[in-house]
Amino acid sequence: MTDAVPGVNEVRDRALAALRRVGATVPSGSGLTARTPITGDELFDLAATSADEADRAIGEAAEAFLGWRNTPAPVRGELVRRLGDLLRGNKEALAELVTVEAGKIRSEALGEVQEMIDVCDFAVGLARQLYGRTIASERPGHRLAETWHPLGVVGVISAFNFPVAVWAWNTAVALVCGDTVVWKPSELTPLVSLACAHLLDRAAQEVGAPREVHRLLLGDRAIGEKLVDDPRVSLISATGSTRMGRAIGPRVAARFGRSLLELGGNNATIVAPSADLELALPGIVFAAAGTAGQRCTTLRRLIVHRDIADEVVERLTAAYRKLPIGNPFTEDTLVGPLISTAAAESMRRALAQSAAEGGKVLAGGGRRLTAEAPKAAYAEPAIVRMPEQTAVVREETFAPILYVLTYDEFDQAIALNNAVPQGLSSSAFTRDQQEAERFLAADGSDCGIANINIGTSGAEIGGAFGGEKETGGGRESGSDAWRSYMRRATTTINYSSRLTLAQNVSFL
Ligand code: UN1
């Protein structure tokens with residue numbers, strides 16, 4: 001059930017070969033270290049962006065904005081079209097780097113690159129659809145209209161678990177909206193970030209757009225904080241933990257900047273007695289154990305009707321026992337490594353706390369490959385039956401732990417779904433239409449994503465992505481999420497020969 005882990009030299013060679021294929025170079029120097037969770041080793045040192053360089057990069061993006069905002073949106077779309085082409089052409093190599101740095105299995109790494117390609121396609125279409133409205137004016141001879149204008153520099157802060165897809169959601173949309181972008185990726189994923197930044201740079205050169213429409217900052221938290229505090233940055237779009245969002249949100253607000261936050265999730269799936277278990281079981285296993293439990297949309301809480309709980313749990317534990325855990329490069333592996341031993345330690349702590357709160361581990365919870373890869377963290381996805389929704393269940397632990405709770409009445413299941421601080425994703429498996437509609441209604445799931453008969457993770461880019469409460473309220477990616485990247489001007493044009501005041505006010 002496990003597969004041998006490659007040596008660090010093989011991983012390093014794969015990384016270098018992938019970078020070469022993309023054509024990206026690694027800035028030599030120090031300050032940042034590329035690593036791989038596959039072995040837990042360091043790959044090589046690279047130059048971090050200095051504070052002065054960051055300052056200059058933000059200045060360049062601000063300067064480039066002045067021209068980019070006046071470039072017609074469909075022309076801006078050409079840049080994103082070319083980026084999409086280059087991402088398509090480099091899909092394999094980029095996926096390889098995602099596996100090296102984030103530990104994703106091949107199919108999920110390819111899926112992540114596909115998500116970038118999809119959002120580029122979406123943004124190219126959007127470049128011709130940045131529609132404003134014409135509104136009925138209450139005054140004769142007046143026209144009331146809305147126009148959407150480019151906003152400014154967008155600071156994108158992204159996390160290790162979707163190292164490049166989340167960048168693309170923001171960047172493809174921001175660029176067609178006429179903004180310029182300064183990207184601070186996770187310090188855990190510098191290589192794939194360099195590769196994507198290189199492709200965008202190349203796309204800009206090929207279509208004749210200024211390269212300064214996008215700048216990359218490599219570094220740790222201090223560089224991110226510079227971006228957050230810089231008044232030249234109009235919007236900070238940050239993806240990461242609720243703790244990070246709590247730090248960023250007020251700082252951006254203090255300078256009246258805008259922020260778009262996509263933070264932690266604590267996603268639940270309800271399994272009703274009528275559920276088709278042939279759909280539900282694979283949906284649950286993918287959502288809970290896929291990506292080694294490291295998606296913000298990962299399924300963390302299963303709320304099962306009491307009558308079917310034993311059967312569901314039994315079938316799930318059987319499926320968990322068969323999960324191939326190990327080398328993410330191997331075709332049939334389904335669960336790769338956690339990002340770090342610190343993540344494994346937080347999983348261990350959460351399991352210990354759940355036991356203290358009355359939980360019983362039914363499957364997994366142990367470590368694999370500790371002798372072969374002592375610096376890596378291969379964890380067995382765990383299923384823990386809980387007597388109730390205790391403190392540990394209400395927290396997001398970024399590891400593959402699925403807490404199982406039971407319910408008797410559907411309303412009680414909805415209440416449990418909503419009784420956590422986070423509000424990202426949710427789903428219900430049911431063939432009962434009333435239940436499905438109840439779940440999706442105003443007093444149903446309080447999450448930004450509510451699904452029926454599929455799991456909580458793996459959203460398409462066409463919808464707006466994000467959630468409520470401690471998830472931060474931001475929406476990225478498809479639908480009308482583009483509006484967060486633009487400023488709205490409301491315009492009243494008087495084409496009559498009289499000055500009429502609104503609300504029938506008379507003056508003079
Ligand atoms: C994230 O984990 O930060 O819906 C993003 C999903 C993916 C995106 C997840 N499309 O699971």
Side-chain angles (χ1 to χ4, degrees), residues 87 95 98 101-105 107-122 156-173 183-186 188-189 192-193 237-245 248 260-269 282-300 334-336 338-339 343 396-400 402 422-427 445 447-452 454-468 470-479 481:
L87 294 173
V98 170
E101 290 189 297
K104 287 194 188 189
I105 61 167
S107 146
E108 292 200 53
L110 286 165
E112 166 144 17
V113 182
Q114 187 59 45
E115 205 162 320
M116 291 202 278
I117 296 167
D118 292 344
V119 80
C120 284
D121 286 355
F122 174 86
V156 176
I157 296 175
S158 56
F160 81 86
N161 67 325
F162 270 84
V164 285
V166 170
W167 164 74
W169 295 353
N170 283 283
T171 302
V173 170
W183 180 25
K184 155 63 181 85
S186 162
L188 300 174
T189 56
V192 73
S193 309
S237 176
T239 302
S241 65
T242 294
R243 214 183 58 184
M244 177 202 75
I248 289 180
L260 193 169
L261 300 176
E262 204 266 280
L263 311 173
N266 189 354
N267 317 298
T269 285
I284 291 165
V285 177
F286 170 65
T291 333
Q294 301 173 111
R295 288 191 189 220
C296 53
T297 51
T298 289
L299 173 62
R300 308 202 179 278
L334 293 181
V335 181
L338 294 183
I339 191 66
E396 179 191 47
T397 301
F398 220 58
L402 179 63
Q422 311 82 358
L424 179 56
S425 186
S426 59
S427 82
S445 165
C447 295
I449 298 172
N451 298 333
I452 297 294
I454 63 162
T456 53
S457 68
E460 302 174 18
I461 63 90
F465 184 93
E468 306 303 335
E470 289 191 0
T471 302
R475 292 296 186 278
E476 295 169 305
S477 194
S479 184

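Counting convention: from 1, in listed order, for ligands and their atoms alike.
Residue Arg295 has at least one heavy-atom neighbour below 4.0 Å for each of these atoms of ligand 1: 2 (O), 6 (C), 7 (C), 11 (O). Close contacts of ligand 1 with Thr297, meaning ligand atoms under 4.0 Å from a residue heavy atom, involve 4 (O), 6 (C), 11 (O). Near Phe465, with a cut-off below 4.0 Å to any heavy atom, the atoms of ligand 1 are 4 (O), 5 (C), 9 (C). With ligand atoms numbered from 1 in the order given, ligand 1 contributes 1 (C), 2 (O), 3 (O) to contacts under 4.0 Å with heavy atoms of Asn161.
Note: an N/O pair closer than 3.5 Å links Cys296 and ligand 1 by distance alone. For the pair Gly458 and ligand 1, the shortest N or O to N or O distance falls below 3.5 Å. Polar contact with ligand 1: present for Glu115 (N/O pair, distance under 3.5 Å). The shortest N or O to N or O distance between Ala459 and ligand 1 is under 3.5 Å.
At least one heavy atom of Glu262 sits less than 4.0 Å from an atom of ligand 1. At least one heavy atom of Trp169 sits less than 4.0 Å from an atom of ligand 1.
In terms of heavy atoms, Leu424 sits closest to Cys447 at O-CB, 3.3 Å.
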| side-chain hydrogen bond (donor to acceptor under 3.5 Å, both in side chains) between Thr456 and Thr269, intermediate numbers included | CA-CA 7 Å; Thr456 53; Thr269 285; 4.9 Å; no

| field | Verdict with reasoning, Leu299 to Ile284, per side-chain contact (heavy atoms from CB on, under 4.5 Å) | value | CA-CA 7 Å; Leu299 173 62; Ile284 291 165; 3.7 Å; yes

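The aromatic rings of Trp167 and Trp183 sit parallel to each other, their planes meeting at less than 30°, with 60° as the upper class boundary.
Arg475 has a carboxylate O that lies under 4.0 Å from a charged side-chain N of Glu468, or vice versa, which qualifies the two as a salt bridge.
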